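Scroll down for the structure; my scribbles are underneath it.
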Amino acid sequence: MSKSQQEIATPAFEIKNKVRSQSVAFGTTRWLTYTALLTALALMMKVIGQIGTLSEISKLTLIYTVWLVAAAVLGPIGGGTVCFISDLLIALVFPTGVLNPFITLVCTLYGVFAGLIFKYLPTKHYSVKFIVAGLSCAVVCTFVLDSLAIWGWCKYYLGLKSFMSGGKNGLFGIYMLTRLFQLGVAAANTFIAVAMIPLLTKLKLLPPTKKAVKNKEAGNA
């Protein structure tokens, strides 16, 4: 192959093997499509989670898995959008009491925080990104902020004075008796999401890992 032929062929080869960015570009048709699909999937998990309800604030659910995938694929804005819509709609369609806007806000922050971690965490290993994002959001959002949202709403809006005490209905009681269980559910969802990485890569929801690209290039050599 002549030098001129190599110059023509090289850009085409680079374009063919270029790994696309980690998150889908905001506002594009693909972004809107993925947002709608992941929101529908999150709603499905929310509905199924109603069956696994142990109490008003403790549920067996796979919703956190979908939220993590949404944050990884769509970034902080898309992740927050999926979390916001799915939590708000399920609260309106299957109300279990007075709508708590602070819970919806915390759910939205779950997607935003996870998306920011996926975007800025300095590692190319998806397993590390999922674990750090999932466990961090489980502790900060699901355990701490959700508990404060429940406590504050019951105390200041519903006027339940027992939430001022340190008994089973107090803030400490919420943490220890109920939210610890939900923290475990959210953490388990994190490792389910990690197990889904090969499938997400195969479906091209995530770009192939650096190792997979090297193996493909070696096979084409």
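For reference, positions follow the sequence shown, starting with 1. Keep in mind that this is a model prediction, so the values were computed, not measured.
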Salt bridge (charged side-chain N to carboxylate O under 4.0 Å, His left out): which pairs involve [range], sequence neighbours left out?
range: residues 130-140; answer: none
range: residues 101-116; answer: none
range: residues 62-78; answer: none
range: residues 34-44; answer: none

Non-hydrogen atoms of [X] and [Y] that approach each other most closely:
X: Gly115; Y: Ala71; value: N-CB, 3.5 Å
X: Val82; Y: Ala42; value: CG1-CB, 4.2 Å
X: Thr61; Y: Ile63; value: OG1-N, 3.0 Å
X: Ala187; Y: Leu135; value: CB-CD2, 3.9 Å

For residues 130-145, the side chain to side chain donor-acceptor pair (under 3.5 Å) pairs (sequence neighbours left out) are none
Which residue pairs satisfy the side chain to side chain donor-acceptor pair (under 3.5 Å) criterion with at least one member in residues 72-84, sequence neighbours excluded? none
Roughly how far apart are Met196 CE and Leu205 CG, rounded to 0.5 Å? 8.5 Å
Say you draw a straight line from CD1 of Ile77 to NZ of Lys119; how long is it, rounded to the nearest 0.5 Å? 7.5 Å
May I ask you to test the [X]-[Y] pair for a side-chain heavy-atom distance under 4.5 Å?
X: Ser127; Y: Ile197; answer: yes
X: Leu145; Y: Phe102; answer: no
X: Phe143; Y: Leu180; answer: yes

Please identify each residue that fulfils side chain to side chain donor-acceptor pair (under 3.5 Å) with Ser86, with sequence neighbours left out. Trp67
Under the side chain to side chain donor-acceptor pair (under 3.5 Å) test, residues paired with Asn189 that sit two or more places apart: Thr65
Assigning hydrophobic clusters by single linkage (Ile, Leu, Val, Met, Phe, Trp, Tyr; side-chain heavy-atom cutoff under 4.5 Å), is [X] placed with [Y]?
X: Leu60; Y: Leu41; value: yes
X: Val132; Y: Tyr120; value: no
X: Leu38; Y: Ile192; value: yes
X: Leu74; Y: Leu200; value: yes
X: Leu32; Y: Val69; value: yes

Stepwise side-chain contact (heavy atoms from CB on, under 4.5 Å) test for Ile48 and Met45: CA-CA 5 Å; Ile48 295 174; Met45 293 299 103; 3.8 Å; yes
Under the ring pair (Phe, Tyr, Trp, His ring centres under 6.0 Å) test, residues paired with Phe130 that sit two or more places apart: Phe118
Partner residues of Phe26 under the ring pair (Phe, Tyr, Trp, His ring centres under 6.0 Å) criterion, sequence neighbours left out: Trp31
Among residues at least two apart in sequence or on other chains, which ones pass side-chain contact (heavy atoms from CB on, under 4.5 Å) with Ala138? Leu183, Ala186
From CA spacing to verdict: side-chain contact (heavy atoms from CB on, under 4.5 Å), Ile131, Phe191: CA-CA 7 Å; Ile131 290 173; Phe191 294 99; 4.2 Å; yes
Lys129 side chain to Leu121 main-chain N or O, any donor-acceptor pair under 3.5 Å? yes
Let me check something: any side-chain donor-acceptor pairs from residues 103-114 under 3.5 Å, sequence neighbours excluded? List them with distances.
from: Thr104; atom 1: OG1; to: Asp87; atom 2: OD2; distance (Å): 2.9
from: Thr108; atom 1: OG1; to: Thr104; atom 2: O; distance (Å): 2.9

Between Tyr64 and Thr190, is a side-chain contact (heavy atoms from CB on, under 4.5 Å) present by the stated rule, with each step listed? CA-CA 7 Å; Tyr64 305 106; Thr190 299; over 6 Å; no
Report the C-alpha distance between Leu99 and Leu88 in whole Å, list the side-chain angles of each, state the deciding distance to 0.1 Å, and finish with yes or no for side-chain contact (heavy atoms from CB on, under 4.5 Å). CA-CA 9 Å; Leu99 176 66; Leu88 180 62; 4.1 Å; yes
